[in-house]
Q: 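Here it is, the structure, as structure tokens.
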Number of protein chains: 2
Amino acid sequence: MVAESIRRSLEAGGLRCTPQRYAVMAFLTEHARHPTAAEIFEGVNLVDPRSSRATTYNNLRDLVKAGLVREVAVEGRAARFDAKIMRHHHFICDRCGNVEDMEWYDVPRPASGSLGKRVLRECELIFRGFCTKCAPRRASRLDAARRVDAG
Amino acid sequence: MVAESIRRSLEAGGLRCTPQRYAVMAFLTEHARHPTAAEIFEGVNLVDPRSSRATTYNNLRDLVKAGLVREVAVEGRAARFDAKIMRHHHFICDRCGNVEDMEWYDVPRPASGSLGKRVLRECELIFRGFCTKCAPRRASRLDAARRVDAG
DNA sequence: TATCACATTAGATATAATCTAAATCCTTCA
DNA sequence: TGAAGGATTTAGATTATATCTAATGTGATA
């Protein structure tokens, strides 16, 4: 049962299961399309208008801190959020800014020498290009130049 | 000669070498520490107060579009900019938000099936954790939990 | 039921980035 | 040379995104 599993993961993360917090988590679980904070706020209040903007932001921050949600910064656009259900990489569309999940696979870690005193916590792989919707009508400026020199 | 090489790369990117544009490019070349737009604006005007904020943003956008500069979005903070001198990956500090360059190495591409109709243009690897300065005094909240499950 | 820490709220505020419309600067070419 | 037109720059207004503030509410515990 979904409701119960959300409650459990909130509590495992040291967070009370409040209606507003639950709603954010449920919305992210149901909408895997990486919504922005504004979209989450709207979506949640569409169902049950009981949450303020500040609360939505507060809860998102707490959820990220607790490791239950991933935040994806996108150049020049609002951040996207993502329930951490399964490990995956991200594809970001250069044209519309949408974020999509990509199949997960192991990424080689940096040579230990190059880390120095840094503490490594995460490695993530980000693919960029044009999503399925944008590929056909992709901006001509961006078009020509540098298709996959991608590494 | 640096001046000449900047001029050349601007023109190769289809951009006139104006004093303001040159100044942005020169600043980025000399300051490899991934400054924000605001820092670039200040730094450039410290030397020669002739550039407006709008121009700095305009030029940064043009330089990114021309592929001469890389923009790095950082969660909850201003974007950072980076002259594309050599290929490299990025390390983002979870505590101070600073962006550092990491040695470049090949990243395995996604399985062709998982791309579908998407057009892949770039693959980038982002490391997260605590930078050299922050590692000793890293925030206790962030501390405990998930050190490198990192992939 | 009193208490206290955690949560929520509306609205103000801060920060980051873009837009607007006018002015200026180049390049071209007659 | 100098007129035309596009590219560039500018100050300031505006938008977009996110956080802060101070008051209020809520629930677990004793």
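Proteins get letters first, then strands, A, B, ... in listed order; numbering begins at 1 in each.
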Q: Which comes earlier along DNA chain C counting from the 5' end, the contact point of A54(A) or that of A79(B), where each point is its nearest nucleotide?
A: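 By nearest-heavy-atom nucleotide position, the 5'-most residue is A54(A).
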Q: Could you work out which one of dG11(C), dT17(D), dT8(C) sits closest to the side chain of A78(A)?
A: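 Given the options dG11(C), dT17(D), dT8(C), the side chain of A78(A) is closest to dT17(D).
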Q: Is the number of heavy atoms from other residues, nucleotides or ligands within 6.0 Å of CD (E11(A)) greater than 12?
A: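 It does: E11(A) CD has more than 12 such atoms within range.
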Q: Whole angstrom is fine here: how far is it from CG in L10(A) over to P in dG27(D)?
A: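 In whole Å, dG27(D) P and L10(A) CG are 16 Å from each other.
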Q: Rounded to whole angstrom units, what separation is found between the CZ atom of R80(A) and the C1' atom of dA16(D)?
A: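 Answer to the nearest Å: 14 Å.
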Q: Rounding to an integer number of Å, can you tell me how far R50(A) CZ sits from dG25(D) C1'?
A: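 Nearest whole value for this atom pair: 13 Å.
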Q: Of the listed nucleotides (dA17(C), dT17(D), dA7(C)), which one gets closest to any side-chain atom of Y57(B)?
A: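 When the side chain of Y57(B) is considered, dA17(C) is the closest of dA17(C), dT17(D), dA7(C).
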Q: Which of these nucleotides, dT8(C), dA5(C), dT8(D), is closest to any side-chain atom of R21(B)?
A: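 Given the options dT8(C), dA5(C), dT8(D), the side chain of R21(B) is closest to dT8(D).
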Q: Taking CG from L63(A) and P from dC6(C), how many angstroms apart are they, rounded to a whole number?
A: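 It is 17 Å, rounded to the nearest whole Å.
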Q: Does S51(A) place a side-chain N or O at less than 4.0 Å from the phosphate oxygens OP1/OP2 of dT8(C)?
A: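 Result: no.
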Q: Could you state the CZ-P distance from R61(B) to dT8(D), rounded to the nearest angstrom?
A: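 From R61(B) CZ to dT8(D) P: 11 Å.
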Q: Rounded to the nearest 0.5 Å, how far does OG of S52(B) lie from CG of N45(B)?
A: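 Answer for the CG-OG pair, N45(B) versus S52(B), is 8.5 Å.
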Q: From dA11(D), dC26(C), dT9(C), pick the nucleotide closest to the side chain of Q20(A)?
A: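 Comparing dA11(D), dC26(C), dT9(C) against the side chain of Q20(A), the answer is dT9(C).
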Q: Could you tell me if the side chain of D82(A) sits less than 4.5 Å from the side chain of H88(A), heavy atoms only?
A: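 SC-SC contact between H88(A) and D82(A) confirmed.
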Q: What nucleotide, of dT10(D), dT9(D), dA17(C), holds the atom closest to the side chain of T18(B)?
A: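 Of the candidates, dT9(D) comes closest.
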Q: In terms of the nearest nucleotide of DNA chain C, which residue is placed more toward the 5' end: D62(A) or R53(A)?
A: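 The residue mapped nearer the 5' terminus is D62(A).
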Q: For G76(B) and for T55(B), locate the closest nucleotide of DNA chain D by heavy-atom distance; then report the residue assigned to the nucleotide nearer the 5' terminus.
A: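 It is T55(B) whose nearest nucleotide is closer to the 5' end.
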Q: Within this structure, what is the CG-to-C1' distance between N58(B) and dT24(C), rounded to whole angstrom?
A: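 One finds 15 Å between C1' of dT24(C) and CG of N58(B), rounded.
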Q: What is the distance, rounded to the nearest whole Å, between atom CZ of R77(B) and atom C1' of dA17(C)?
A: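 Taking CZ of R77(B) and C1' of dA17(C), I get 18 Å after rounding.
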Q: Can you tell me if E75(A) has over 12 outside heavy atoms packed within less than 6.0 Å of its CD?
A: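 Atom CD in E75(A) is crowded, with more than 12 foreign heavy atoms closer than 6.0 Å.
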Q: Could you tell me the separation between the CZ atom of R16(B) and the C1' atom of dT27(C), rounded to a whole number of Å?
A: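 One finds 7 Å between C1' of dT27(C) and CZ of R16(B), rounded.
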Q: Would you check if there is a donor-acceptor pair between the side chains of N98(A) and R80(A) at a distance under 3.5 Å?
A: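 Checked: R80(A)/N98(A) side chains pair up, N/O donor to acceptor below 3.5 Å.
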